[in-house]
Amino acid sequence: MNLEKTLFDTYGFTSFRPGQKEVIEKILGGQDVIALLPTGMGKSMCYQLPAHLMEGSVLVVSPLLSLMQDQVAQLKKMGEKSVAAINSFLDPAERSNILHNLNTYRFIFISPEMLVQPYIKNKLMGLNISLLVADEAHCISQWGFDFRPDYLRIAEIMPALGHPRVLALTATATAKVTEEIKQYLKLSEPFIYTHPMDRKNIAYDIKKFENGKEKLEWLSTFVAANKGPGIIYAGTRKKSQELSNLLSLSGIRTAFYHGGMEHQDRIFVQQQFQNGELEWVCSTNAFGMGVHIPDIGHVIHFQVPTSIEGYVQEVGRAGRNGDPALATLLYAAGDEDLLANLVLDDLPTNHEIREVYQNEGDPAQLVDQGIVRETSLRVISYWKNHLSEQDTIIQIAQQKNEKIKQSAKIRKLINLESCVREYVLECFDQQLHIKPENCCINDHLNFADFLTHRETVDIQVLDTWESRLNAILPC
DNA sequence: CGTACTCTAAATAGTTAGAGTACGGTGCACTATT
């Protein structure tokens, strides 16, 4: 079989990107695959092409509804008509129509939550699914344990589907995350493709400040002098709004973005940013997955991220076009503990575990009575189906330990005196072979190469940002 | 850990300081209400 010919005939591309062919060959050969491909390496082709060479449909488990809609639109744009997404966006008529005609679709997108619904499982059971794709598979590990436990349950559908081949795709996975993907998707001997994840065109900077006000001053000055597009990651929803409001006062085209906003508003911000109508987006970690903007030149972390994985994912949204891009991590004393504690508090407490295990009525009442938090209930309910109470307590304790390790890695990053790039790669069990000329703050960095000066400076707004800053800050 | 808010006591009539407490980030689906 000539894969290149199929690639050209179907999609018009003359050659594969690194990894694609290898991954596709393994899938066609009947093997499960975990593919670690950096952003922009054409992950979706790894299931799109096989779909044309196999009998039956491809079922893609996707983490976000908006991402799903995007993927569907992309495929349709490429001329693929038999695409459907099963999710809560569907009105009852569409939904019933799609569910009745499931066997006519070549690509079916679905959320993990939908996938584990018994009636959906029944609908999928009669289908000929040749490949199950776990897109953004790091979510299994990143969200499965404390946030979206249905991510741990994807494998439950396998028997009903007659054990199709499985392809797990992600851009960022440590050895531990890869192991968890393998474990929870129940893959016995997967082929693991790992592409070097270093992004040569992204340089790392870390700036330390005495307090939050100094960070703000630096940010205002920098953003006033440098045009976007850029993303500023804040630690809280409120902070993302504050930063956006502050920068707007200086005449900068900016907007905020976080999970507490109306869906329509979120889409609007994303579209404006994609169309170049916004220069800087101030957001929480909600922003990014599924955002494909090639020319992001700056990613600034105004507050410290909660894990190296999260940091790398967010940084990786810069420089997709290959142009030089700068990742700047801002740190002020005390920042590292802010979200670390929050993240720990989020896992179920031993008390909550005991309550759920010993509860004999409707567990939802525990939530109503304020004894158990809602996410805790969902996480504990998952474990209750698999483990004893004591083992669940041990399991959750291990998760907490893991979170502590993650925040220790971040702390080390902040205080690093050696090469940032090497350290980040080390966290992903990879080695740096070739160091780019512009590497990081600890190992050669020429800032001039990354500055994106504004061509038309809006003088009237630049001169008085300090007074504006003081005006809105009580300190 | 830091912030914002609430509560309480001591001051004396509306204000203030300090103590205590709740909250902070990622999303799906479902249901009830407009």
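Chain letters run A, B, ... following the sequence lines, proteins first, then strands; residues in each count from 1.
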**Message:** Please classify the nucleic acid contact of Arg266(A) as base, sugar-phosphate, or nothing, using heavy-atom distances under 4.0 Å.
**Reply:** sugar-phosphate
**Prompt:** Within the structure shown, what part of the strands sits under 4.0 Å from Tyr119(A) by heavy-atom distance: base, sugar-phosphate, or nothing?
**Reply:** sugar-phosphate
**Asked** Mapping Thr375(A) and Lys238(A) to their closest nucleotides on DNA chain B, which lands nearer the 5' end?
**Response** Lys238(A)
**Message:** For dT26(B), is there a stacking contact with Trp143(A), counting only centres under 5.5 Å and planes under 30°?
**Reply:** no
**Request:** Take Glu314(A) and His301(A) through the side chain to side chain donor-acceptor pair (under 3.5 Å) test and state the conclusion after the steps.
**Result:** CA-CA 9 Å; Glu314(A) 285 156 8; His301(A) 281 86; 2.7 Å; yes
**Asked** Using a cut-off of 4.0 Å on non-hydrogen atoms, how would the nucleic acid contact of Arg95(A) be classed: base, sugar-phosphate, or nothing?
**Response** sugar-phosphate
**Message:** Under 4.0 Å, counting only non-hydrogen atoms across every strand here, what does Met289(A) touch: a base, just sugar-phosphate, or nothing?
**Reply:** nothing
**Prompt:** With rounding to whole Å, what would you report as the distance between dA13(B) and dA9(B) at their C1' atoms?
**Reply:** 15 Å
**Item:** Within 45° cone of Tyr423(A) ring axis and under 6.0 Å: Lys412(A) NZ or CZ
**Value:** no
**Ring geometry between His195(A) and Tyr193(A) (parallel below 30°, tilted from 30 to 60°, perpendicular above 60°)** = tilted
**Request:** Specify the separation, in whole Å, of atom CD of Gln241(A) and atom P of dA4(B).
**Result:** 13 Å
**Asked** At under 4.0 Å, does any side-chain N or O of Lys239(A) touch on OP1 or OP2 of dG2(B)?
**Response** no
**Prompt:** So what does Asn87(A) touch, heavy atoms closer than 4.0 Å: a base, only the sugar-phosphate, or nothing?
**Reply:** sugar-phosphate
